[in-house]
Asker: 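Right, I'll just put the structure down here and ask away after.
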Amino acid sequence: MKDKLEKVTDITQLKPGDKIISIGVTSEILEFLCIHPHNNNYSLFLNSNLDGTKKFYNDKLRNGNYYKYSDKWEVLAMKETINWYKEQVNFMEKLLHKREEKCAHDKPEK
């Protein structure tokens, strides 16, 4: 097993049947079917959690947290999700610290 999930940044990295997982607030597993037959900017996916899936804009891959996925990589996907949440908590803690400092300086003197 690989030590790290393969990041997907372009639709050409996928072939029909490949699965990707988005890492973030909501993690979803999508199975790539094909590039939309009438518009190359979109692709068709099956969502493992839903009966259907909304239109998937291919450029989302460039800026998103999408990784190739298979059942054997589930542990790695979970670890990536945990790391994503840790980054979010770290960001919020820094923001909170800055706000607390600002509030401490802005308190009116009695």
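Only heavy atoms go into these numbers, but all of them, side chains included; no hydrogens, no water, no symmetry mates.
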Asker: What residues, two or more places apart in sequence or in another chain, satisfy salt bridge (charged side-chain N to carboxylate O under 4.0 Å, His left out) together with D18?
Answerer: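 Testing D18 for salt bridge (charged side-chain N to carboxylate O under 4.0 Å, His left out), a comparison that skips the adjacent residues, returns K15, K68.
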Asker: List the atom pairs, donor and acceptor, that lie under 3.5 Å between side-chain atoms in residues 86-93 and the rest of the protein, sequence neighbours left out.
Answerer:
none

Asker: Could you work out, with side-chain hydrogen bond (donor to acceptor under 3.5 Å, both in side chains) as the rule, every residue matching N63, not counting sequence neighbours?
Answerer: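 For N63, no residue satisfies side-chain hydrogen bond (donor to acceptor under 3.5 Å, both in side chains) once neighbours in sequence are set aside.
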Asker: Quick one: do L61 and Y42 end up in the same hydrophobic cluster if we chain Ile, Leu, Val, Met, Phe, Trp and Tyr together by side-chain heavy atoms under 4.5 Å apart?
Answerer: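 No, it is not one cluster - the side chains of L61 and Y42 are not joined through contacts under 4.5 Å.
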Asker: If the condition is side-chain hydrogen bond (donor to acceptor under 3.5 Å, both in side chains), which residues does T81 pass it with, not counting sequence neighbours?
Answerer: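 For T81, no residue satisfies side-chain hydrogen bond (donor to acceptor under 3.5 Å, both in side chains) once neighbours in sequence are set aside.
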Asker: Without swapping roles, check the side chain of D59 against the backbone of N41 for a donor-acceptor pair under 3.5 Å.
Answerer: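 A pair under 3.5 Å: no.
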Asker: Test of understanding: with side-chain hydrogen bond (donor to acceptor under 3.5 Å, both in side chains), list the residues that count as partners of K98, not counting sequence neighbours.
Answerer: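 None.
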Asker: Using 0.5 Å steps for rounding, measure from the CZ atom of F32 to the CG atom of L44.
Answerer: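 Taking CZ in F32 and CG in L44, the distance rounds to 8.0 Å.
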Asker: Between L14 and F45, is any pair of side-chain heavy atoms under 4.5 Å apart?
Answerer: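 The answer is yes, as the side chains (C-beta and beyond) meet within the 4.5 Å cut-off.
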Asker: Just by distance, do the side chain of S22 and the backbone of E28 share a donor-acceptor pair under 3.5 Å?
Answerer: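 Yes, the answer is positive, given that a donor and an acceptor are paired below the 3.5 Å cut-off.
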Asker: Taking side chain as C-beta onward, heavy atoms only, is I29 less than 4.5 Å from I21?
Answerer: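 Heavy-atom side-chain distance check passes, below 4.5 Å.
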Asker: Can you list everything that forms a ring pair (Phe, Tyr, Trp, His ring centres under 6.0 Å) with H38? Sequence neighbours excluded, please.
Answerer: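 H38: ring pair (Phe, Tyr, Trp, His ring centres under 6.0 Å) contacts with H36.
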Asker: Got a second to check how far I20's CD1 is from E6's CD, nearest 0.5 Å?
Answerer: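 Going from CD1 on I20 over to CD on E6, the span is 11.5 Å.
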Asker: Looking only at heavy atoms, what is the nearest atom pair of S43 and N58, with distance?
Answerer: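 S43 and N58 have their closest heavy atoms at OG-OD1, 2.6 Å.
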Asker: Is it the case that atom NZ in K7 sees more than 12 heavy atoms from other parts of the structure closer than 6.0 Å?
Answerer: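 Atom NZ in K7 is crowded, with more than 12 foreign heavy atoms closer than 6.0 Å.
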Asker: Could you list the residues that satisfy side-chain contact (heavy atoms from CB on, under 4.5 Å) with K60, not counting sequence neighbours?
Answerer: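 Partners of K60 under the side-chain contact (heavy atoms from CB on, under 4.5 Å) test: F56, Y57, Y66.
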